[in-house]
Peer 1: 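Structure provided below as structure tokens; questions to follow.
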Amino acid sequence: MTHSHPAELDPADMTWPPPPYHPPVPPVTDEHGVRRFDAVTYATTPGYRPRLLDVQVPPGEGPFPAVVWIHGGGWLDGDRRYPPPTVPASLLHGAVLAAGLALVSIDYRHSLEAPFPAQLHDVKAAIRYVRHFAADLGIDPDRIAVWGESAGGHLAALAGLVGPDSADAKALEGAHGVGAGDTGVRAVVDWYGVSDLVAIAEHPMPVIPGVDFPDPYEALLGGTEAERPALARAASPVTYAEGPTPPPFLLIHGTGDGLVPYSQSEALAAALAGAGGEVTLRPVEGADHIFLGCSDIPGIVAESVAFLARHMDAGA
């Protein structure tokens, strides 16, 4: 493995207070030619941990299309470095890179740190950061997609649907990190994400003996009980599906999901189709949340990567 040395600091570039992000330093290149930018600070807010992202860029000249990976965890938990336990990181990362796509894995504020829309603000900030520093990262700023699972699927759907013409766009875009810029994406892959927080409030949460877990929806939304229905609508991807023509969506969801019912993806697919969008809903028969019980995880990963590569003209 070869290591690049950090660039020399130029006093002319130093400001106080510093900007609310850190420009990427030169990457580390591994024995396969993959360039890695690890633990890059894409946004800061006083009093909170820095929001970090990792970038992996395939060998070659580029610039490459990029996929922003958004982890799950009920908006309460999770880590950019780890896919769900049913999906090995080596499988997910390897498939993305082998398709000629760069992979951007992001952290975001959990709901007990800050309620919605903080999580969407962070996703938008990460997209702005990648676009702003695309030349340094070897990424094509015009070919960016999002892919998330569970809570990350919900955020990926919102990132694809909430734009400058959306209702309450200013409040939902946020101004973290580089502060301004295009956050549009070319395609969305949503694995078993929540699409309608109003409807899912009627779905009982599974009880896990011995685990004291906060209600993820109340934690995400904040507010009072009286305010929560309006907050739930504002945080629901279906609310924005009938706006401007959405990017292509691939929804993959287990039909036996006991945590986020399959009907959530059905509702989003119907709303997207009604808006004239391109949407593919792929049921995984009998699979529970995180595709538990599915015997073909590699096939699901391959289908997702192929969808993204096709819509971002990978290899072009």
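Small disclaimer: the values here were computed from a predicted structure and weren't measured. The first residue of the sequence shown is numbered 1, and numbering continues consecutively from there.
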Peer 1: Going by side-chain heavy atoms closer than 4.5 Å, which hydrophobic residues are tied to Leu97, directly or by a chain of links?
Peer 2: Val34
Peer 1: Are any non-hydrogen side-chain atoms of Phe37 and Val57 less than 4.5 angstrom apart?
Peer 2: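 Yes. Closest side-chain heavy atoms under 4.5 Å.
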Peer 1: Should Ser236 and Asp196 count as side-chain neighbours, where that means a heavy-atom distance under 4.5 Å?
Peer 2: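 Yes, side chains in contact.
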Peer 1: Which heavy atom of Ile106 sits nearest a heavy atom of Ala126, and at what distance?
Peer 2: CG2-CB, 3.8 Å
Peer 1: Answer with yes or no whether the side chains of His289 and Ser150 bring together a donor and an acceptor at under 3.5 Å.
Peer 2: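 Indeed, the side chains of Ser150 and His289 share at least one donor-acceptor pair under 3.5 Å.
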Peer 1: Taking Lys124 for the side chain and Val162 for the main chain, is one N or O donor matched with an acceptor at less than 3.5 Å?
Peer 2: yes
Peer 1: Could you check if a side-chain atom of Trp147 sits within less than 4.5 angstrom of a side-chain atom of Asp190, using non-hydrogen atoms only?
Peer 2: no
Peer 1: Hey, any chance Val238 and Val194 share a hydrophobic cluster, counting ILVMFWY side chains that come within less than 4.5 Å of each other, even indirectly?
Peer 2: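 Both belong to a single hydrophobic cluster.
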Peer 1: What is the distance from atom CG of Leu268 to atom NE2 of His253, rounded to the nearest 0.5 Å?
Peer 2: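 Result: 11.0 Å between the selected atoms.
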Peer 1: Start with the C-alpha gap between Trp191 and Phe291, add the side-chain angles, then the distance that decides, and say whether ring pair (Phe, Tyr, Trp, His ring centres under 6.0 Å) holds.
Peer 2: CA-CA 9 Å; Trp191 281 0; Phe291 302 135; 5.2 Å; yes
Peer 1: With distance as the sole test, does Thr224 use its side chain to make a donor-acceptor pair with the main-chain N or O of Glu227 at under 3.5 Å?
Peer 2: yes
Peer 1: Does the distance from a Lys or Arg side-chain N to an Asp or Glu carboxylate O, for Arg51 and Asp107, drop under 4.0 Å?
Peer 2: no
Peer 1: Restricting to non-hydrogen atoms, name the atom on His93 and the atom on Leu103 that form the minimum distance, rounded to 0.1 Å.
Peer 2: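 Taking every non-hydrogen atom into account, CD2-CD2, 3.2 Å.
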Peer 1: Are His311 and Glu278 close enough, and set up right, to give a side-chain hydrogen bond (donor to acceptor under 3.5 Å, both in side chains), and what steps lead you there?
Peer 2: CA-CA 11 Å; His311 286 289; Glu278 177 187 336; 3.2 Å; yes
Peer 1: Just checking, Arg143 and Phe64: is the charged tip under 6.0 Å from the six-membered ring centre and within 45° of the axis?
Peer 2: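 Cation-pi check for Arg143 and Phe64: fails.
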Peer 1: Can you give me the closest heavy-atom contact between Arg233 and Thr239, atom names plus distance?
Peer 2: O-OG1, 2.6 Å
Peer 1: Taking the side chain as every heavy atom from C-beta outward, state whether Pro298 and Leu91 have any pair of such atoms under 4.5 Å apart.
Peer 2: yes
Peer 1: Passes side-chain contact (heavy atoms from CB on, under 4.5 Å), Leu221 versus Leu197? Steps please.
Peer 2: CA-CA 10 Å; Leu221 299 174; Leu197 279 87; 4.1 Å; yes
Peer 1: Please confirm whether the backbone N or O of Ile290 pairs with a side-chain atom of Thr86, one donor and one acceptor, at under 3.5 Å?
Peer 2: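 Checked: pair present.
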Peer 1: If you compare all heavy atoms of Leu158 against all heavy atoms of Ala235, which two are closest, and at what distance to 0.1 Å?
Peer 2: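 Shortest heavy-atom contact: CD1-O, 3.7 Å.
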Peer 1: Please check if Phe307 and Val284 belong to a single hydrophobic cluster, counting links between Ile, Leu, Val, Met, Phe, Trp and Tyr side chain heavy atoms closer than 4.5 Å.
Peer 2: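 Yes, one cluster joins them.
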Peer 1: Nearest 0.5 Å please: distance from the OG atom of Ser111 over to the CG atom of Leu220.
Peer 2: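 Reported value, rounded in 0.5 Å steps: 6.0 Å.
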Peer 1: Can you tell whether the side chains of Arg186 and Asp313 come within less than 4.0 Å, N to carboxylate O?
Peer 2: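 Yes, this pair counts.
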Peer 1: Measuring centre to centre across the rings, with the benzene-like ring taken for any Trp, is Tyr262 within less than 6.0 Å of Tyr192?
Peer 2: no
Peer 1: Nearest 0.5 Å, please: how far is CD1 in Ile144 from CG in Asp182?
Peer 2: 8.0 Å
Peer 1: Does the distance from a Lys or Arg side-chain N to an Asp or Glu carboxylate O, for Arg36 and Asp54, drop under 4.0 Å?
Peer 2: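 No salt bridge links Arg36 with Asp54.
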Peer 1: To the nearest 0.5 angstrom, please state how far the CG atom of Leu120 sits from the CG atom of Leu161.
Peer 2: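 It comes to 10.5 Å.
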Peer 1: Would you say the side chain of Val25 lies within less than 4.5 Å of the side chain of Val40, judging by non-hydrogen atoms?
Peer 2: no
Peer 1: Could you state the interatomic distance from CZ (Arg131) to CG (Leu137), rounded to the nearest 0.5 Å?
Peer 2: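 Atom-to-atom, Arg131:CZ and Leu137:CG are 12.5 Å apart.
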Peer 1: Can Tyr108 and Trp75 be said to form a ring pair (Phe, Tyr, Trp, His ring centres under 6.0 Å), step by step?
Peer 2: CA-CA 9 Å; Tyr108 52 88; Trp75 310 282; 9.1 Å; no
Peer 1: Do Leu52 and Leu155 share a hydrophobic cluster (ILVMFWY, side-chain heavy atoms under 4.5 Å, transitive)?
Peer 2: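 No, Leu52 does not connect to Leu155 through the hydrophobic network.
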Peer 1: Does a side-chain heavy-atom distance below 4.5 Å link Ile300 with Arg282?
Peer 2: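 A side-chain contact exists here, since the closest heavy-atom pair is under 4.5 Å.
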Peer 1: Side chain of Gln119, backbone of Arg109: donor and acceptor closer than 3.5 Å?
Peer 2: yes
Peer 1: Answer whether the closest heavy-atom distance between the side chains of Trp69 and Val146 falls below 4.5 Å.
Peer 2: no
Peer 1: Taking Gln264's backbone N and O only, do any of them form a donor-acceptor pair with Ser195's side chain (distance below 3.5 Å, no angle check)?
Peer 2: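 At least one qualifying donor-acceptor pair exists.
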Peer 1: Would Ile127 and Val185 satisfy side-chain contact (heavy atoms from CB on, under 4.5 Å), going step by step from the backbone distance to the final call?
Peer 2: CA-CA 9 Å; Ile127 294 168; Val185 298; 3.9 Å; yes
Peer 1: Compare every heavy atom of Arg35 with every heavy atom of Pro59, then report the nearest pair and how far apart it is.
Peer 2: CA-NH1, 4.5 Å
Peer 1: What's the spacing between Glu149 CD and His154 NE2 if we round to 0.5 Å?
Peer 2: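 Reported value, rounded in 0.5 Å steps: 14.0 Å.
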Peer 1: Look only at the side chain of His110 and the backbone of Asp77, and say whether a donor-acceptor pair between them is shorter than 3.5 Å.
Peer 2: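 Yes; at least one donor-acceptor contact below 3.5 Å.
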Peer 1: Begin with the C-alpha distance, continue with both residues' side-chain angles, and end with the deciding distance and a verdict on ring pair (Phe, Tyr, Trp, His ring centres under 6.0 Å) for Tyr42 and Phe133.
Peer 2: CA-CA 10 Å; Tyr42 72 85; Phe133 289 107; over 10 Å; no
Peer 1: Show the nearest heavy-atom pair for residues Glu173 and Thr183, with the distance to one decimal.
Peer 2: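 The answer is OE1-OG1, 2.9 Å.
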Peer 1: Any side-chain heavy atom of Tyr48 within less than 4.5 Å of one from Glu113?
Peer 2: yes
Peer 1: Would you find a donor on one side and an acceptor on the other, under 3.5 Å apart, between the side chain of Tyr217 and the backbone of Val198?
Peer 2: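 Absent.
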Peer 1: Kindly determine whether Leu53 and Ser105 satisfy side-chain contact (heavy atoms from CB on, under 4.5 Å), including the steps that lead there.
Peer 2: CA-CA 5 Å; Leu53 59 78; Ser105 305; over 6 Å; no
